[in-house]
Amino acid sequence: MVMIFRGVSFLLLLPLLWSCEQQPVAPEEPLRTVRTQTVVRDEGVRVRSFSGTARPAIETRLSFRVPGTLVDIPVKVGDQVRRGSLVAALDPADYQLQVREAEAALAEAAARTRNAEAHFERVRALYENNHASLTDLDAARAGAESARAAEAAAAMRVELAQLQLGYTRLRAPLDGEIAAVRVEVNENVAAGAEVVVLTASQFPEVAVALPEALIGAVARGEEVRVSFDAIPGEGFAGVVTEVGVAASHAGATFPVTVRLLAPDRRVRQGMSAEVVFRFAPHQEVARMLVPAAAVGEDQQGRFVFVVEPGPDDTTLVRRRAVEVGALRVEGLEILSGLTPGEQVVTAGVSRIEDGQRVLLAVAEERRP
């Protein structure tokens with residue numbers, strides 16, 4: 001009876017033993033994928049870009065030197081003009097009359113001069129024959145000299161009237177393009193009123209504003225790189241031609257002018273531009289830079305995770321204490337704790353632990 005009971009118990013335990021043997025093994029947790037960046041030594045050159053506006057190298061606002069009625073304006077916006085070509089003209093009638101009036105006054109003054117000189121010659125002959133006094137001779141001489149002076153003044157009035165007449169024709173002072181026309185035919189134009197804007201943009205310029213912290217590092221003759229939103233994918237070489245010495249009214253910024261080294265007709269006045277400056281390092285020792293996201297901080301201080309090879313062709317991350325410097329646009333300065341060539345984790349620092357096995361994504365190179 002005992003043997004039968006033991007046999008039945010064994011048969012009842014067989015399903016339990018079989019179920020224990022068939023329980024699945026828990027799958028291993030998948031490895032986390034991390035992004036890394038190779039640590040390189042920073043040479044200290046700082047790259048800064050500033051927005052600016054294109055403008056012509058020369059912009060001349062032409063105006064008449066005399067008032068009058070505009071009778072001709074043979075140019076339009078965008079026209080190419082040569083030096084000396086006619087830009088606008090006023091009605092010359094009034095100024096022609098002034099020239100004739102001045103010429104008539106000059107002729108009258110010349111006649112008076114001849115009469116005064118003849119009178120002086122007669123008085124001098126009489127004085128030499130003792131038929132005229134010294135007083136008469138001096139008076140005749142003074143009359144002749146006064147007449148000559150009046151004739152010279154009349155000649156200058158003629159010259160002035162002719163200049164005034166010439167000022168009724170406005171001519172281009174240099175080769176360039178018409179950027180704007182401010183008046184219309186038959187308008188009364190005042191002296192000095194803007195008539196035409198002439199630009200000479202063979203080598204365009206870009207005006208930018210730099211903060212006071214960087215203006216001291218910019219010098220005339222420094223080469224820069226310029227790009228325009230309207231001309232995507234293309235850069236232009238430029239050189240600094242002007243560096244401001246006083247802050248602008250907008251704030252603590254200083255004006256800087258950059259001129260393109262090569263002419264390009266695609267660059268037009270008012271285009272938005274970006275100027276890239278490269279500043280020399282302030283420190284003698286070059287430092288390393290890493291993305292700010294690669295640096296973590298806890299009660300033990302600041303740290304990064306460095307990628308190291310592990311056993312069986314695996315990859316491990318190791319915590320590394322670091323000393324950081326200044327935060328720059330290019331990244332965070334690392335003063336100690338890293339060496340060039342190492343790879344640091346750039347994303348997911350808060351979700352990994354020291355000694356954890358990981359999978360590597362494509363390593364990123366730090367851009368200079």
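Sequential numbering from 1 along the given sequence is applied to the chain's residues.
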More than 12 heavy atoms of other residues, nucleotides or ligands under 6.0 Å from [atom1] of [X]: yes or no?
{"X": "Q80", "atom1": "CD", "result": "yes"}
{"X": "R141", "atom1": "CZ", "result": "yes"}
{"X": "R220", "atom1": "CZ", "result": "no"}
{"X": "E297", "atom1": "CD", "result": "yes"}
{"X": "E159", "atom1": "CD", "result": "no"}
{"X": "R318", "atom1": "CZ", "result": "yes"}
{"X": "E212", "atom1": "CD", "result": "no"}

Could you list the donor-acceptor pairs under 3.5 angstrom formed by side chains in residues 236-244, with sequence neighbours left out?
from : atom 1 : to   : atom 2 : distance (Å)
T241 : OG1    : T257 : O      : 3.3
E242 : OE1    : T257 : OG1    : 3.3

Donor-acceptor contacts, no H, no angles, side chain residues 144-152, under 3.5 Å, sequence neighbours left out:
from : atom 1 : to   : atom 2 : distance (Å)
R148 : NH1    : E117 : OE2    : 3.2
E151 : OE1    : T113 : OG1    : 3.0

Rounded distance (nearest 0.5 Å) linking atom [atom1] of [X] with atom [atom2] of [Y]:
{"X": "D354", "Y": "F303", "atom1": "CG", "atom2": "CZ", "value": "10.0 Å"}
{"X": "L198", "Y": "D175", "atom1": "CG", "atom2": "CG", "value": "9.0 Å"}
{"X": "T199", "Y": "I178", "atom1": "OG1", "atom2": "CD1", "value": "8.0 Å"}
{"X": "I58", "Y": "E205", "atom1": "CD1", "atom2": "CD", "value": "8.5 Å"}
{"X": "E187", "Y": "R182", "atom1": "CD", "atom2": "CZ", "value": "12.5 Å"}
{"X": "Q343", "Y": "T38", "atom1": "CD", "atom2": "OG1", "value": "4.5 Å"}

Taking [X] for the side chain and [Y] for the main chain, is one N or O donor matched with an acceptor at less than 3.5 Å?
{"X": "Q356", "Y": "E353", "value": "yes"}
{"X": "R302", "Y": "V295", "value": "no"}
{"X": "D91", "Y": "T69", "value": "no"}

Hey, mind stepping through V304 and V345 against side chain to side chain contact (heavy atoms under 4.5 Å, CB included) and telling me if it holds?
CA-CA 7 Å; V304 298; V345 177; over 6 Å; no
Begin from the C-alpha positions of F50 and L214 and carry the test side chain to side chain contact (heavy atoms under 4.5 Å, CB included) through to its verdict.
CA-CA 11 Å; F50 298 91; L214 297 176; 3.6 Å; yes
Under the rule for ring-ring contact (aromatic ring centres under 6.0 Å, His included), what residues qualify as partners of Y167, not counting sequence neighbours?
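None.
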Of the non-hydrogen atoms in [X] and [Y], which two are nearest, and what is the gap between them?
{"X": "A116", "Y": "G143", "result": "CB-O, 3.6 Å"}
{"X": "P255", "Y": "A246", "result": "CD-O, 3.6 Å"}
{"X": "V324", "Y": "I334", "result": "CG1-CD1, 4.0 Å"}
{"X": "V77", "Y": "A180", "result": "CG2-CA, 4.0 Å"}
{"X": "R171", "Y": "L62", "result": "O-CD1, 4.4 Å"}
{"X": "L338", "Y": "V322", "result": "CG-CG1, 4.1 Å"}

Report the residues that fulfil side-chain hydrogen bond (donor to acceptor under 3.5 Å, both in side chains) with Q162, sequence neighbours left out, ordered by chain and then residue number.
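By the side-chain hydrogen bond (donor to acceptor under 3.5 Å, both in side chains) rule, Q162 matches no residue at all.
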Under the criterion side chain to side chain contact (heavy atoms under 4.5 Å, CB included), which of V206, V275, V224, L210 is the partner of V256?
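Passing option: L210.
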Any luck finding a side-chain donor-acceptor pair between S133 and D136 under 3.5 Å?
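Note: S133 and D136 side chains meet the donor-acceptor criterion.
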Within the 4.5 Å heavy-atom criterion, are V358 and F305 side-chain neighbours or not?
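In short, these two side chains do not touch, never coming nearer than 4.5 Å.
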For L137, the rest of its hydrophobic cluster, which grows through side-chain links under 4.5 angstrom
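Under the 4.5 Å side-chain rule, L137 groups with F120, V123, Y127, L134.
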Could you give the side-chain donor-acceptor pairs of residues 93-109 under 3.5 Å, partners two or more places apart or in another chain?
from : atom 1 : to   : atom 2 : distance (Å)
Y95  : OH     : P67  : O      : 2.5
E108 : OE2    : R112 : NH2    : 2.6

With E177, which of K76, R265, R82 fulfils salt bridge (charged side-chain N to carboxylate O under 4.0 Å, His left out)?
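When K76, R265, R82 are each tested with E177, the salt bridge (charged side-chain N to carboxylate O under 4.0 Å, His left out) holds only for R265.
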